[in-house]
Amino acid sequence: EAPPETRSGRSAALRARMEEQLLGARFRYLNQQLYTGSSRDAARLFRTDPAAFHLYHRGFERQVRRWPERPVQRIVRYLRRRPASLVVADFGCGDCTLAASVRNQVHCFDLVPLCPRVTVCDMAEVPLAAESVDVAVFCLALMGTNLQEILEEANRVLKLGGTLLVAEVASRFEDTRAFLKAMAHLGFRTVSKDLSSSYFYLLEFAKTGPARPGPASRLRLRPCLYKRR
Ligand code: SAH
């Protein structure tokens with residue numbers, strides 16, 4: 001590599017900076033698409049452009065590395081305190097950190113396989129039998145605008161009394177109480193909520209029964225849009 005004070009060194013540095021900026025811009029654009037479209041749109045997007053998915057993940061990694069704690073580590077800790085016999089479904093598993101960190105059987109679902117354990121599917125329709133899992137996890141993964149459909153799918157695969165864990169970016173919640181009320185409509189009782197981090201909230205629910213019919217009003221999360229840096 002050319003030393004930075006030489007002309008070719010300077011132009012290499014400039015090129016690297018421009019590539020970085022371009023990557024950042026593409027990440028923000030993809031991220032916006034994921035948060036403003038349905039989960040089906042996301043599935044179509046990544047099916048037609050798998051390279052976009054890898055780019056998205058590099059950007060995602062770069063974002064969460066800035067956080068003092070990764071939400072997935074909180075989920076890992078939670079599961080380690082409970083029996084390893086519990087069957088887990090990880091909706092939007094990313095690089096399968098969760099599955100790799102616990103002894104439980106973990107069904108990993110994502111749109112593109114970042115690792116071999118992933119079952120590729122849209123999280124609104126996972127290939128699991130009804131009432132077959134003890135714990136359903138959405139760790140920074142409630143991205144589609146069809147939130148209700150996605151959470152109804154989690155309800156379907158969860159056993160009665162089973163646990164739903166949601167870790168989401170704090171700023172996405174516009175009215176947490178209204179959100180929790182909407183969750184009750186979908187058959188989820190709030191067991192605990194940790195709103196202490198300014199980065200993400202961690203919510204624990206128990207399945208009380210099937211989702212009630214009709215729209216769960218005020219089941220809304222703001223899109224998580226990153227600013228240009
Ligand atoms: N849970 C992981 C990854 C979070 S990033 C972690 O905490 O590290 C969000 C993940 O959700 C991405 O991997 C993205 O591809 C996935 N995702 C988004 N929409 C999805 C959909 N409709 N179906 C399945 N996975 C989806």
Side-chain angles (χ1 to χ4, degrees), residues 26-79 88-102 104 106-128 133 135-154 156-157 163-172 194 197 199-204 221-226:
R26 279 209 75 197
F27 166 70
R28 286 191 301 277
Y29 175 69
L30 283 168
N31 184 67
Q32 181 179 339
Q33 279 183 299
L34 292 176
Y35 279 114
T36 54
S38 80
S39 68
R40 252 171 293 282
D41 297 331
R44 200 170 317 116
L45 171 74
F46 287 147
R47 212 180 310 120
T48 52
D49 188 2
F53 178 83
H54 292 282
L55 193 140
Y56 173 78
H57 264 274
R58 275 173 62 189
F60 170 79
E61 281 297 318
R62 191 142 21 119
Q63 285 292 335
V64 290
R65 241 184 282 130
R66 297 202 177 103
W67 296 12
E69 182 183 34
R70 283 189 77 130
V72 66
Q73 292 307 335
R74 291 286 298 279
I75 311 247
V76 168
R77 262 194 276 146
Y78 174 94
L79 286 175
V88 180
D90 189 6
F91 290 75
C93 59
D95 64 4
C96 301
T97 301
L98 184 61
S101 312
V102 296
N104 308 59
V106 182
H107 298 283
C108 301
F109 301 116
D110 211 299
L111 295 171
V112 175
L114 271 187
C115 75
R117 324 166 76 126
V118 176
T119 299
V120 172
C121 65
D122 176 5
M123 59 168 76
E125 213 173 322
V126 296
L128 285 179
V133 308
V135 183
V137 175
F138 290 88
C139 188
L140 304 177
L142 280 179
M143 306 183 89
T145 49
N146 53 331
L147 269 187
Q148 173 156 0
E149 205 187 331
I150 292 166
L151 290 164
E152 280 170 355
E153 181 66 345
R156 183 186 70 80
V157 303
T163 301
L164 169 68
L165 296 175
V166 173
E168 258 316 324
V169 178
S171 58
R172 295 195 64 200
D194 183 347
S197 160
Y199 289 86
F200 64 91
Y201 289 172
L202 186 62
L203 309 172
E204 177 188 358
L221 291 173
R222 289 194 196 100
C224 171
L225 304 179
Y226 297 105

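In listed order, ligands and their atoms are each counted from 1.
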Would you say ligand 1 has an N or O under 3.5 Å from any N or O of [X]?
{"X": "G92", "value": "yes"}
{"X": "Y56", "value": "no"}
{"X": "M123", "value": "yes"}
{"X": "D90", "value": "no"}

- Task: Applying side-chain contact (heavy atoms from CB on, under 4.5 Å), run through L79 and V106 and close with a yes or a no.
- Result: CA-CA 11 Å; L79 286 175; V106 182; 5.6 Å; no
- Kindly assign one of parallel, tilted or perpendicular to the pair F91 and F138, based on the angle between their ring planes and the thresholds 30° and 60°.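 Ring orientation of F91 relative to F138: parallel.
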Enumerated ligand 1 atoms positioned under 4.0 Å from heavy atoms of [X]:
{"X": "G94", "result": "3 (C), 13 (O)"}
{"X": "M143", "result": "9 (C), 18 (C)"}
{"X": "C121", "result": "23 (N), 24 (C)"}
{"X": "L140", "result": "4 (C), 5 (S), 9 (C)"}

- Query: Taking non-hydrogen atoms only, is C93 closer than 4.0 angstrom to ligand 1 via side chain, backbone, both or neither?
  - Reply: backbone
- Query: What do we get for F91 next to ligand 1 when only non-hydrogen atoms under 4.0 Å count, side chain, backbone, both or neither?
  - Reply: neither
